[in-house]
Amino acid sequence: PILLLAAVLTLLVCVFFLWVCGYFTSTESKSSSGRIDEDEDELLIANFLELDRQLEKLLHKRKNATTAIHKVRKMYPKYINNTRFQLMFFRAEDKFNAESAAEKMIHHFNVKEQLFGDGEILGRDVRLSDLSKSDLRVLESGMMYFLPDKDASGRCVFVINPRIYFHLRREGLVSVDNVLRAWWYAWMAMLRKNDELQKRGMVIVMNAMGITMQSELHESFDGNHKLFPSLPKSSIPKKTAAVHYCYDNQSLQPWIASRK
């Protein structure tokens with residue numbers, strides 16, 4: 001019994017020694033995501049204050065222009081100054097560039113005002129209950145959605161099905177504004193709750209299977225009735241890691257090549 005007790009004590013001492021030396025370390029703390037968090041901490045200490053300075057600088061240059069962010073800063077400071085909210089804009093820019101983050105934040109509220117009005121919705125996240133029946137029809141149609149699983153690199157995948165848009169538009173069931181409001185809600189709701197989406201960015205899959213005419217895509221993405229114009233895209237604090245096009249009509253290849 002004495003020898004057994006001595007052996008157990010020796011084993012415990014060895015385990016304790018190895019733990020102190022750092023041998024027993026969780027794989028998560030050694031992962032790349034852990035490294036990202038440490039890098040973020042170092043960058044954010046200096047950049048949160050710089051973001052406010054850049055906002056002041058940019059707004060001073062546009063002091064004669066009325067922007068939605070003026071109203072938000074005055075009436076809803078808790079919303080716009082929330083660190084979790086500001087962090088999304090930092091993560092969307094290379095090396096947490098404060099000037100670019102400030103520019104995108106100004107644009108963000110201008111577009112949000114265009115899509116949802118200048119009421120109290122500017123000072124909070126857009127909710128599902130804020131969407132109209134036609135907005136909800138877009139979400140429920142399968143026109144756009146996040147896949148339940150991530151890609152091999154751990155990134156979220158967002159799928160766009162233009163054919164559904166063509167059908168709903170021809171039937172007079174949705175407008176471009178309905179699509180944009182639904183799209184805004186889908187992306188912002190996902191970004192708000194998913195740190196990995198903010199850090200790694202998303203992969204967009206354009207499912208053009210079954211589309212027979214290049215003119216359909218051109219009208220929706222390049223004409224006066226753009227399905228996804230650059231204005232709202234550049235106002236959402238997200239990173240796009242890659243865009244993939246799936247198509248079975250070779251006549252679409254020139255149009256798709258011009259998107260790359």
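Quick caveat: nothing in here was measured; it's all calculated off a predicted structure. Positions are given from 1 along the sequence.
Counting only heavy atoms from C-beta outward, the side chains of Y145 and N161 approach each other to under 4.5 Å. The side-chain heavy atoms of V157 and H244, taken from C-beta on, include no pair separated by under 4.5 Å. M105 has its side chain within reach of I69: a pair of non-hydrogen atoms, C-beta onward, lies under 4.5 Å apart. Residues L180 and Q114 have side chains not in contact (no heavy-atom distance under 4.5 Å, counting atoms from C-beta outward). Within the 4.5 Å cutoff, the side chain of M88 has heavy atoms near those of the R192 side chain.
Of the possible donor and acceptor atoms, one in the side chain of K112 sits under 3.5 Å from a partner among the backbone N and O of I121. The main-chain N or O of A182 is never found under 3.5 Å from a side-chain atom of D135 such that the two would form a donor-acceptor pair.
Taking OH of Y79 as the start and CZ of F109 as the end, the distance is 5.5 Å to the nearest 0.5 Å. L168 contributes atom CG, which lies 4.5 Å from atom CE of M143 (distance to the nearest 0.5 angstrom). Of the inter-residue distances, the one linking R127 atom CZ with Y185 atom OH reads 11.0 Å to the nearest 0.5 angstrom. One finds the CG atom of L87 at 6.0 Å from the CZ atom of F96 (value rounded to the nearest 0.5 Å).
For S251 and N249, the side-chain atoms include at least one donor-acceptor pair closer than 3.5 Å.
The shortest non-hydrogen separation linking K104 to I236 is NZ-O, 3.7 Å. Closest heavy-atom contact between M206 and P162: SD-CG, 3.5 Å. The two atoms that bring A102 and Q54 nearest to each other are CB-CB, 3.8 Å, heavy atoms only. Smallest separation of non-hydrogen atoms from W184 and S235: CZ3-OG, 3.4 Å. In plain terms, the two heavy atoms of K238 and L191 that are nearest each other are CB-CD1, 3.8 Å. Closest heavy-atom contact between A68 and N110: N-OD1, 3.1 Å.
The aromatic rings of F89 and H108 stand perpendicular to each other, their planes meeting at an angle above 60°, with 30° marking the opposite boundary.
Surrounding CZ of R163 are at most 12 heavy atoms belonging to other residues, nucleotides or ligands under 6.0 Å away.
Comment: K239 does not engage D94 in a salt bridge, judged by the lack of any side-chain N to carboxylate O separation of less than 4.0 angstrom. For the pair D130 and R181, the salt-bridge criterion is not met [side-chain N within less than 4.0 Å of a carboxylate O]. For the pair E56 and R53, the salt-bridge criterion is not met [side-chain N within less than 4.0 Å of a carboxylate O].
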I would like to know whether E120 and Y76 meet side-chain contact (heavy atoms from CB on, under 4.5 Å); could you show each step before the answer? CA-CA 9 Å; E120 51 87 29; Y76 311 108; 3.6 Å; yes
Could you give me the CA-CA distance, side-chain angles and deciding distance for Y165 and M144, then say whether side-chain contact (heavy atoms from CB on, under 4.5 Å) is met? CA-CA 9 Å; Y165 168 70; M144 59 181 82; over 6 Å; no
The test is side-chain contact (heavy atoms from CB on, under 4.5 Å); show your working for D52 and Q86 and say whether it passes. CA-CA 10 Å; D52 193 62; Q86 293 181 351; over 6 Å; no
